[in-house]
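Notes follow once the structure below has been shown.
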Amino acid sequence: QVQLVESGGGSVQAGGSLRLSCAVSGFARTMGWFRQAPGKEREGVASILTGDSTYYADSVKGRFTISQDNAENTVYLQMNSLKPEDTAMYYCAAKSGGAWYPFRSDLYRFWGQGTQVTVSS
């Protein structure tokens, strides 16, 4: 069983930065960050595989960075140059094994409760 607790969301002006944290209890081979804006489908933002392979949505490449601190059992999403279109509820997700399909949300078994990110223009 894996438990995930997100933190770090908030409100920021366009061009600003936020760092989301996901505290992980239990083993997870793959971690992902997803987001869902009102009226839109959930979409993958970034994913990291044990061994530090990472994958990003085109919309966030060069602005967001996913990383993990194994000593702290925490996964981070550093978000820079934020845009109003980044406004969404952000979710941390985990899967313990299987092939790496970074943005197949149906393959992630464990989910956090979400943290809201609001970017104003």
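Taking a 6.0 Å sphere around CD of Glu41, one finds it holds 12 or fewer heavy atoms contributed by other residues, nucleotides or ligands. Residue Gln116 qualifies as enclosed at atom CD: its count of foreign heavy atoms under 6.0 Å is above 12.
Residue pairs satisfying the salt bridge (Lys or Arg N to Asp or Glu O under 4.0 Å) criterion with at least one member in residues 1-15, sequence neighbours excluded, are absent. Residues in residues 79-89 take part in these salt bridge (Lys or Arg N to Asp or Glu O under 4.0 Å) pairs, two or more places apart or across chains: Arg35-Asp86, Arg63-Asp86.
Separation of atoms OH (Tyr90) and OG1 (Thr115) is listed at 10.5 Å; rounding is to 0.5 Å. Here Ile48 contributes atom CD1 and Met31 contributes atom CE; the two are 9.5 Å apart, rounded to the nearest 0.5 Å. Glu43 CD to Ser105 OG: the interatomic distance, rounded to the nearest 0.5 Å, is 11.0 Å. Rounding to the nearest 0.5 angstrom, the gap separating the OG1 atom in Thr30 from the CG atom in Leu49 is 4.5 Å. For the atom pair Leu82 CG and Ser11 OG, the distance stands at 11.0 Å (nearest 0.5 Å). Rounded to the nearest 0.5 Å, atoms CE (Met89) and OG1 (Thr118) are 8.5 Å apart.
The closest side-chain heavy-atom distance from Ser96 to Arg29 is not below 4.5 Å. Between Tyr56 and Ile66 there is a side-chain heavy-atom pair separated by less than 4.5 Å. Residues Phe110 and Val24 fail the side-chain proximity criterion, which asks for heavy atoms closer than 4.5 Å. Using a 4.5 Å cut-off on side-chain heavy atoms (C-beta onward), Tyr76 and Gln78 make no contact.
Under the 30°/60° scheme for interplanar angles, the aromatic rings of Trp111 and Phe34 are found to be tilted. Taking the six-membered ring where tryptophan is involved, the planes of Tyr55 and Phe103 are perpendicular, since the angle between them exceeds 60° and thus also 30°.
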I'd like to know whether Val75 forms a side-chain contact (heavy atoms from CB on, under 4.5 Å) with Trp33, so could you lay out the CA-CA distance, the side-chain angles of the two residues, the decisive distance to 0.1 Å, and finally the verdict. CA-CA 9 Å; Val75 176; Trp33 284 98; 3.7 Å; yes

Go through Val117 and Leu18 one step at a time and tell me if the side-chain contact (heavy atoms from CB on, under 4.5 Å) criterion holds. CA-CA 8 Å; Val117 171; Leu18 285 173; 3.9 Å; yes

Please determine whether side-chain contact (heavy atoms from CB on, under 4.5 Å) holds for the pair Met79 and Leu20, giving the CA-CA distance in whole Å, both sets of side-chain angles, and the decisive distance to 0.1 Å. CA-CA 8 Å; Met79 306 186 294; Leu20 305 183; 3.7 Å; yes

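Looking only at distances, a side-chain donor or acceptor of Thr87 sits under 3.5 Å from a matching main-chain atom of Val119. Tyr108 places a side-chain N or O within donor-acceptor distance of the main-chain N or O of Pro102, the cut-off being under 3.5 Å.
Taking every heavy atom of both residues into account, Ala14 and Pro84 meet most closely at CB-CD, 4.1 Å. For Cys92 against Leu4, the heavy-atom pair with the smallest separation is O-CD1, 3.5 Å.
No hydrogens or angles considered: a donor-acceptor pair under 3.5 Å links the side chains of Trp100 and Ser47. Between the side chains of Asn80 and Ser17, at least one donor N or O lies within less than 3.5 Å of an accepting N or O.
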